[in-house]
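Pasting a structure below so you can have a look.
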Amino acid sequence: YQGGELKAEEILNELLKEVGMNNLEAEIYLTLLQKPGLTGYKIASEISKPTANTYKALNQLENKGLVVYTEKDNNKVYSVIDINEYMDKIANGFQIKRKMINEQIKQLKTPQRNFGNFNLTDKAQVIEKAKNLILSADKVLTVDIFPIPFELLKESIQIKESDENVKIYLKLYHKTEHICKHTIDSYRGDDHIDSWTGQWLIICKDGVESLLACFKRETEELIHAVWSTDPFISFCIFNGMANEFMLIDILNSAYVDQKMDMDIINFHHSRYRYLFNFESEAGNSILDQLYEKNDKDKPE
């Protein structure tokens, strides 16, 4: 520690171990990064490790594509490969394996997804789940989002907004660019940001799947998150969001714009007609699913 904080080299060492190097390999890579062109013997001396172990680790780094060598005075001298080339290789490898795994999963007979509610405890997992819900929506997406999660999901929302088959209703709490046609500015949103100790994220996909999460305002740490695949619960969340969004638009007209009459109310209602028409269609579909589920659960 230096001044109560990890040194840059120590941080980098830990990060390298997280992407596939062991402790000795990370030490060797960092040494060669700063002093390229060393022999295995010199590297062992630099890091105070046995020569045999150092050469074994160098061989492993060669196989991973992280170091290369050239002959000089009948000795091998080593240099590193740019870490970005290695990271790209890992990423491409994962993409290939991902495709292969998905193809094999399609060959399996998998049961229909259970109706359930699941606690998510990892922030990265929550963000990936949120992105998946956004990008996989078929018809309608309702999103209630504070600034912290908005910055993490903004790109995915923009991508989905370009899908003409899906309508996104996005409720924001802060002044920012409107990336969706149907954007709702929260009534007194800045007050909500200041008064709440947490920052919320609520996503409902097609009225049948939802994600609720809360992050600490100061540290952006995940406080709590629940992913629901229960269409009955998600539909209730969708219903509440649709009505709340319309009410907020009416409140903004009444208190912010200082305008309110039946024409304005009808205007706002027409803006949400798609949601309420979808609600009727989706609600009956969900009930059909529940009937089917109950029939399957009955003992023969």
Side-chain angles (χ1 to χ4, degrees), residues 5 11 117-137 139-163 166-207 209-228 233-234 236-258 268 271-272 274-275:
E5 296 181 357
I11 295 172
N117 303 296
F118 309 95
N119 289 326
L120 304 181
T121 57
D122 179 72
K123 179 180 176 181
Q125 181 187 38
V126 169
I127 297 305
E128 289 306 312
K129 175 60 67 179
K131 289 179 181 178
N132 180 267
L133 288 179
I134 292 166
L135 297 175
S136 63
K139 293 183 178 180
V140 64
L141 191 70
T142 50
V143 183
D144 188 329
I145 190 167
F146 272 70
I148 288 173
F150 176 76
E151 290 304 318
L152 298 171
L153 299 173
K154 177 180 175 181
E155 183 178 352
S156 296
I157 294 170
Q158 286 178 304
I159 292 171
K160 197 61 183 180
E161 175 68 6
S162 64
D163 185 346
V166 178
K167 292 189 184 297
I168 302 177
Y169 288 77
L170 176 69
K171 177 186 171 188
L172 299 174
Y173 290 80
H174 61 307
K175 299 298 181 184
T176 184
E177 59 180 312
H178 284 187
I179 60 174
C180 294
K181 177 182 177 182
H182 299 289
T183 298
I184 301 94
D185 290 313
S186 177
Y187 176 64
R188 299 177 64 183
D190 290 336
D191 291 341
H192 290 301
I193 293 173
D194 292 337
S195 62
W196 283 94
T197 56
Q199 295 217 354
W200 294 90
L201 167 65
I202 305 174
I203 299 175
C204 190
K205 165 194 162 183
D206 298 322
E209 189 175 355
S210 54
L211 174 69
L212 295 85
C214 188
F215 305 85
K216 286 185 179 179
R217 185 173 60 191
E218 297 81 6
T219 63
E220 303 186 9
E221 176 187 352
L222 178 70
I223 298 175
H224 190 58
V226 177
W227 167 46
S228 179
I233 290 176
S234 295
C236 292
I237 292 172
F238 168 81
N239 176 271
M241 294 176 81
N243 283 280
E244 180 189 347
F245 288 2
M246 184 174 68
L247 175 61
I248 289 170
D249 267 351
I250 292 172
L251 287 174
N252 278 326
S253 291
Y255 294 105
V256 178
D257 300 332
Q258 298 290 307
H268 289 306
R271 187 183 182 196
Y272 293 91
Y274 178 87
L275 282 186

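Quick caveat, the model's predicted, so the values are computed rather than measured.
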Review point. Side chains of Leu247 and Asp249: does their closest heavy-atom pair fall under 4.5 Å?
Key: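 The answer is no, as the side chains (C-beta and beyond) never meet within the 4.5 Å cut-off.
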**Study point:** Results of side chain to side chain contact (heavy atoms under 4.5 Å, CB included) for Ala242 - residues two or more places apart only
**Key:**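 Ala242: side chain to side chain contact (heavy atoms under 4.5 Å, CB included) contacts with Leu275, Phe276.
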Review point. Which pair of heavy atoms, one from Leu153 and one from Ile127, lies closest together, and at what distance?
Key: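 Looking at all heavy atoms of both residues, the shortest contact is CD2-O, 3.9 Å.
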Point to revise | Taking every non-hydrogen atom, the tightest pair across Arg271 and Tyr169 | key: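 In terms of heavy atoms, the two residues are closest at O-OH, 3.1 Å.
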Practice item. Please name the pair of heavy atoms, one in Phe215 and one in Val126, separated by the smallest distance, quoted to 0.1 Å. Key: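 Closest approach of Phe215 to Val126, heavy atoms only: CZ-CG1, 4.2 Å.
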Review point. Are a donor atom and an acceptor atom from the side chains of Tyr272 and Asn243 found within less than 3.5 Å of each other?
Key: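 No, no side-chain donor-acceptor contact under 3.5 Å.
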Check your understanding: Under the 3.5 angstrom rule, does the side chain of Glu220 hit a backbone N or O of Ile148 as a donor-acceptor pair?
Key ->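 Side chain of Glu220 to backbone of Ile148, a donor-acceptor pair under 3.5 Å: no, none is there.
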Point to revise | Heavy-atom check, side chain of Val143 versus side chain of Ile202, under 4.5 Å | key: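 No, too far: nothing below the 4.5 Å cut-off.
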Review point. Is any side-chain heavy atom of Ile203 closer than 4.5 Å to a side-chain heavy atom of Thr142?
Key: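 The answer is no, as the side chains (C-beta and beyond) never meet within the 4.5 Å cut-off.
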Practice item. Take Met241 and Asp144 through the side-chain contact (heavy atoms from CB on, under 4.5 Å) test and state the conclusion after the steps. Key: CA-CA 8 Å; Met241 294 176 81; Asp144 188 329; 3.9 Å; yes
Review point. So His192 and Tyr173, would you call those rings parallel, tilted or perpendicular, with 30° and 60° as cut-offs?
Key: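 It falls in the perpendicular class, over 60°.
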Check your understanding: Does some side-chain heavy atom of Glu128 sit less than 4.5 Å from a side-chain heavy atom of Lys131?
Key ->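 Counting from C-beta outward, Lys131 and Glu128 do come under 4.5 Å.
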Point to revise | Minimum-distance pair of heavy atoms, taken over all atoms of Cys180 and Thr183 | key: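 Looking at all heavy atoms of both residues, the shortest contact is O-OG1, 2.7 Å.
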Review point. With no hydrogens and no angle check, is any side-chain donor or acceptor of Asp206 less than 3.5 Å from a backbone partner on Val140?
Key: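 Checking the backbone N and O of Val140 against the side chain of Asp206, a donor-acceptor pair under 3.5 Å is found.
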Check your understanding: Under 3.5 Å, is there a donor-acceptor pair between the side chain of Thr219 and the main chain of Lys216?
Key ->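 Not at all, since once roles are kept as given, no pair shorter than 3.5 Å links the two residues.
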**Study point:** Rounded distance [0.5 Å steps], CE in Met246 versus CG in Leu251
**Key:**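 Reported to 0.5 Å precision, the distance equals 11.0 Å.
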**Study point:** Where Cys204 and Ser234 come nearest, the two heavy atoms and their spacing
**Key:**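 Minimum heavy-atom separation between Cys204 and Ser234: SG-O, 3.3 Å.
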Check your understanding: Phe150 vs His174 aromatic rings, parallel, tilted or perpendicular, using cut-offs 30° and 60°?
Key ->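 Phe150 vs His174 ring planes: perpendicular.
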**Study point:** Between OG on residue Ser210 and CZ on residue Phe238, distance to nearest 0.5 Å
**Key:**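 Output value for this atom pair is 12.0 Å.
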**Study point:** Separation between CG of Leu120 and CH2 of Trp227, rounded to the nearest 0.5 Å
**Key:**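 Going from CG on Leu120 over to CH2 on Trp227, the span is 7.5 Å.
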Exercise for review: Can you sort out the partners of Ile248 under side chain to side chain contact (heavy atoms under 4.5 Å, CB included), two or more places apart, ordered by chain and number?
Suggested key: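 With neighbours one apart ignored, the set is Lys171, Ile184, Tyr187, Glu244, Asn252.
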Check your understanding: How far does OG of Ser162 sit from CD1 of Ile179, to the nearest 0.5 angstrom?
Key ->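 Rounded to the nearest 0.5 Å, the OG-CD1 separation comes to 11.0 Å.
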Review point. Does atom CD of Glu155 have more than 12 heavy-atom neighbours from other groups under 6.0 Å away?
Key: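 No, not enclosed.
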Exercise for review: Could you tell me whether the side chain of Gln199 and the main chain of Arg217 form a donor-acceptor pair under 3.5 Å?
Suggested key: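 Answer holds: no.
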Exercise for review: Dump the intermediate steps for side-chain contact (heavy atoms from CB on, under 4.5 Å) on Lys139 and Lys167, then the final yes or no.
Suggested key: CA-CA 6 Å; Lys139 293 183 178 180; Lys167 292 189 184 297; over 6 Å; no
**Study point:** Smallest separation among heavy atoms of Ser156 and Ile134, with atom names
**Key:**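 The answer is O-CG2, 3.6 Å.
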Practice item. Consider only side-chain N and O atoms of Lys205 and Ser136, and report whether a donor and an acceptor are under 3.5 Å apart. Key: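 The answer is yes; a qualifying pair exists.
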Review point. side-chain contact (heavy atoms from CB on, under 4.5 Å) between His224 and Asn119: does it pass, once the steps are laid out?
Key: CA-CA 8 Å; His224 190 58; Asn119 289 326; 3.7 Å; yes
Practice item. Using a 4.5 Å cut-off on heavy atoms from C-beta on, say whether the side chain of Ile157 contacts that of Leu141. Key: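 Sidechains of Ile157 and Leu141: no contact.
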Point to revise | Full working for side-chain contact (heavy atoms from CB on, under 4.5 Å) between Leu222 and Asp122 | key: CA-CA 7 Å; Leu222 178 70; Asp122 179 72; 5.8 Å; no
Review point. Are Glu177 and Lys154 ion-paired here, with the side-chain N under 4.0 Å from a carboxylate O?
Key: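 The answer is yes: the pair qualifies as a salt bridge.
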Check your understanding: Quick one: does Lys160's side chain have a donor or acceptor within less than 3.5 Å of a partner on Leu135's backbone?
Key ->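 Yes; judged by distance alone, with no hydrogens or angles, the pair exists.
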Exercise for review: Just jot down the side chain to side chain contact (heavy atoms under 4.5 Å, CB included) partners of Asp190, sequence neighbours excluded, or say none.
Suggested key: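 So Asp190 forms a side chain to side chain contact (heavy atoms under 4.5 Å, CB included) with Ile193.
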